[in-house]
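So the structure is just underneath, and the comments pick up after that.
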Amino acid sequence: MALRIKSTVKNTYSKILIYVAAPAFIACIFILMLFIVYTNNHKNLLKESYESKMEAFYNLQDRQLQDIAISLRTLSDDSRFIDTVNGTLTSSQDITHAQKILKQIQSNYPFVDEVSIVDRIGKQVYTPSDTYPMSRYFSDVYGYDDYNYNYWMQYKAPLSEKSIISPTYTVANDSQKIIVPIVFTRIGQVHLSNIIIVNVNLSMIISDFNSNKLSDGSLLRIVNKENNRIFDENGIAESLDKKLLDKINLDTISVFDYNIARKKYYMISYTPIRSVLGYSYIAAVPYSDIYSSSFKLLAVTLLFCVPLFILLLLIIKFSSTKIYSPFKSIATTLDIDTDGNIVNNIRNSITAMLDSNQKMSSQINNTLPIMEEQYLIRVLNSSEHYYSSEYISSAIHFDYDYFCSVIIKFNQTESFYQKYNHLQAQMLECSLAEIIHTSFAAQFKTYIIPSDSSTLYILLNLKGEQYIDNIHKILNDFKAILSADEEDVKITTSVGSIYSGLAGLKKSHTEALNNISGTTWLNRISLKKADDPEEAQTVKFTSNDEAVIYNHLLVGNTDDALTAIDTIILDNTNKNLSKDGLIHIYIQILNIIFKVMRIKNIEYDTEHVGDLNLLNDIISHSPLEIHKIIVSLFDILKKSNNNKKIDIDNILKYIQQHYKEDIYLDYIAEHFDTSSSYLSRLIKKETSQTFIEYINSLRIEEAKKLLKNTEKSITEIYESIGFTNRSTFIRVFKTIVGSTPSDYRKMVK
């Protein structure tokens, strides 16, 4: 015996050592997941950091360029400077005065390479230091690669204060630079006969931009949105794919992967919505830099995990005997042969014990802790908006994701209480509950919610939605068992649909409650003939009648449904049906109406009293009054059906024909005989835009056509397309298009 136990200990120890491979594998998976998570987090941090840096850099550069424009505007009252620019100077002192101003502008802004006044009438160029003939200045002194003497002579001034010319190379002071000429043709409200050129040194701006690098391998670029040229500190850089450039120009922030010179980069772009230069900024971070940071973290993690792993092996080695001791004690107690796999033997023995007692197995598997049970009862009895799906999603743990609620009511007749005393009645009710519980528990995870003795609330936890037929079969079999005792016990059953999640359980339970509402009265109503109170009376209301009414209401044929109801009532009254008999029929009709209203999401219980109380209130009236209530419910259904038959295509067509007018949502809703809230939801569903957004999109599209194809002023355009305010038009235009109407006109021209 001792040798067998020792051998078993060795075998168990060997198997436990083998099981170490599982934790090791899990550790590798964990490290890999840690690497992926850290890499993604590092990329997000890079995105946020570069976004912040690029936005700060853009704000600084843009503010300085705006300051230049403001500085020039202040010169609108300087007549000597204006005369020099317009070529109407009276003395050489005017030129000297203008040159001092140009020198001051150049010294105040380091990125300004040169400021010059181009007198195209006198064919002179005034710089901060000298005066040159135009032909010599643009060929020898400050020559642009793309803009020669003839370009500036033929340059047409736009209507705006300034225009940004595309970057070009220039040779000045024996060094090649990338220059962005900013041409001013107006100072304040003073229009100039000639032009002022502020040459911005883009090379210097890019050099400043490069100081924002977060790693040595990162590349920082600037993109001209007009011609999609990309610049770095060395000049024109390698271009990107046109689709990516279009995405960069449209989105304020974009992130994507891209290969540059066969090297993978993580690209982050920032495009200001509004800027003087109108450029985009790109940061390209090589993945090698990202991975090197991740590998450092992995190295630290491994240094921490390896000692723990070694410690785990030591614990397993020295504790194997102690681990085995409880198994040995249990095996001795159960009288299991220790020669073999003790763990498996114990498991098989316990399983056999449980299988021998189905009731015990069911109770072990399907019992909720008392705290969770009480919580679940509160959830099912609460209002839906208090216990939202987010609130209850993690409160209770179940094995499966799907739920179904079943309600069974036991209605005992007078003969039942004549046959059995109180104690026997209770025992019989418990037996019936146990039978139905066992029937469900044999196939599903089944939970019984405590309730009064005549009602059984059953919650089923299911693997999927395909078991609804099995549930109905169990109930039908149970009804068949009790069919011989119908004179003593009548049962009413209700099954909610199968839904996922605890919110779905709440929904299924609510359906089951609603479906069973009012059925208690049906079992208690006594249907007698007026001339013979002892003879049972038959009510003619078949399942086919129910289906006809239900189908008519479901498709919106309320008139046909009302005709069918009138026919049923007439057939029964011709048979001298009693008042109770009519109420019996009306209850079934009202249940059908309530069911259709719930399906169509139509509000009928405004005070939220529940179907049970609604029916109780309605059947307290006379049959004639009940019929009037049914007609009023049909009016609600008809109005809802009319609302839902609105042709959204006609509405959109109407808006497209009248968007230039001063139209409102309420007016259109009244025109199409519907509510404004319903119309708003309909437009949003069809166009993915709100009513205001849709109107504005139509107006701005028309404005773009007018800006491109006509010479109408901004005022004429916004008034002709339905806007009543200039600032509102400009704000909406810029939000949708990305530029002001004036800038858009210049771009398309």
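Treat the numbers as computed from the prediction; the structure is a model and nothing was measured. Note that these values count all heavy atoms, side chains included, but never hydrogens, waters or copies made by symmetry.
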With sequence neighbours excluded, what pairs up with Ser405 under the side-chain hydrogen bond (donor to acceptor under 3.5 Å, both in side chains) test?
->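 Per chain and number, Ser405 pairs via side-chain hydrogen bond (donor to acceptor under 3.5 Å, both in side chains) with His509.
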
Who pairs with Glu511 by salt bridge (Lys or Arg N to Asp or Glu O under 4.0 Å), at least two apart in sequence or on another chain?
->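 Result, salt bridge (Lys or Arg N to Asp or Glu O under 4.0 Å) vs Glu511: none returned.
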
Residues forming a salt bridge (Lys or Arg N to Asp or Glu O under 4.0 Å) with Glu701, sequence neighbours excluded =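 Partners of Glu701 by the salt bridge (Lys or Arg N to Asp or Glu O under 4.0 Å) criterion, ordered by chain and then number, come out as Lys704.
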
Near-ring test [Y]/[X], centroid separation under 6.0 angstrom:
X: Phe723; Y: Tyr718; answer: no
X: Tyr281; Y: Phe209; answer: yes
X: Tyr258; Y: Tyr265; answer: no

Just by distance, do the side chain of [X] and the backbone of [Y] share a donor-acceptor pair under 3.5 Å?
X: Gln588; Y: Ile585; answer: no
X: Ser49; Y: Leu46; answer: no
X: Ser52; Y: Glu48; answer: no
X: Arg699; Y: Ile721; answer: yes
X: Ser508; Y: Gly504; answer: no

Could you give me the CA-CA distance, side-chain angles and deciding distance for Ile498 and Phe403, then say whether side chain to side chain contact (heavy atoms under 4.5 Å, CB included) is met?
-> CA-CA 6 Å; Ile498 299 176; Phe403 297 91; over 6 Å; no

Taking atom CG of Asp401 as the centre, report whether more than 12 heavy atoms of other residues, nucleotides or ligands fall under 6.0 Å from it.
->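 Not more than 12 within 6.0 Å, no.
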
Heavy-atom count around Tyr654 OH within 6.0 Å, excluding the residue itself: above 12?
->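 Correct, the count exceeds 12.
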
Any side-chain heavy atom of [X] within less than 4.5 Å of one from [Y]?
X: Leu633; Y: Leu637; result: no
X: Ile197; Y: Ile182; result: no
X: Ile164; Y: Val200; result: no
X: Phe729; Y: Thr724; result: no
X: Ile683; Y: Thr690; result: no
X: Phe184; Y: Ser163; result: no
X: Val223; Y: Tyr279; result: no
X: Ile619; Y: Tyr586; result: no

As an exercise, state the distance from [atom1] of [X] to [atom2] of [Y], rounded to the nearest 0.5 Å.
X: Thr735; Y: Glu693; atom1: OG1; atom2: CD; answer: 10.5 Å
X: Glu711; Y: Glu716; atom1: CD; atom2: CD; answer: 11.0 Å
X: Lys734; Y: Ser739; atom1: NZ; atom2: OG; answer: 8.0 Å

Determine, stepwise, if the pair Ser269 / Tyr50 fulfils side chain to side chain donor-acceptor pair (under 3.5 Å).
-> CA-CA 9 Å; Ser269 72; Tyr50 269 121; over 6 Å; no

Hey, are Thr740 and Asp743 close enough side-chain-wise for a donor-acceptor pair under 3.5 Å?
->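 Yes - a donor-acceptor pair under 3.5 Å links their side chains.
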
Say whether Tyr694 and Ser688, considering side chains only, have a donor N or O and an acceptor N or O under 3.5 Å apart.
->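 Note: Tyr694 and Ser688 side chains miss the donor-acceptor criterion.
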
Yes or no on side chain to side chain contact (heavy atoms under 4.5 Å, CB included) for Ile205 and Ile222, after CA distance, side-chain angles and deciding distance?
-> CA-CA 9 Å; Ile205 292 178; Ile222 293 179; 4.0 Å; yes

Quick one: which of Asn696, Thr728, Leu707 gives a side chain to side chain contact (heavy atoms under 4.5 Å, CB included) with Phe733?
->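 Answer to the side chain to side chain contact (heavy atoms under 4.5 Å, CB included) test with Phe733 among Asn696, Thr728, Leu707: Leu707.
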
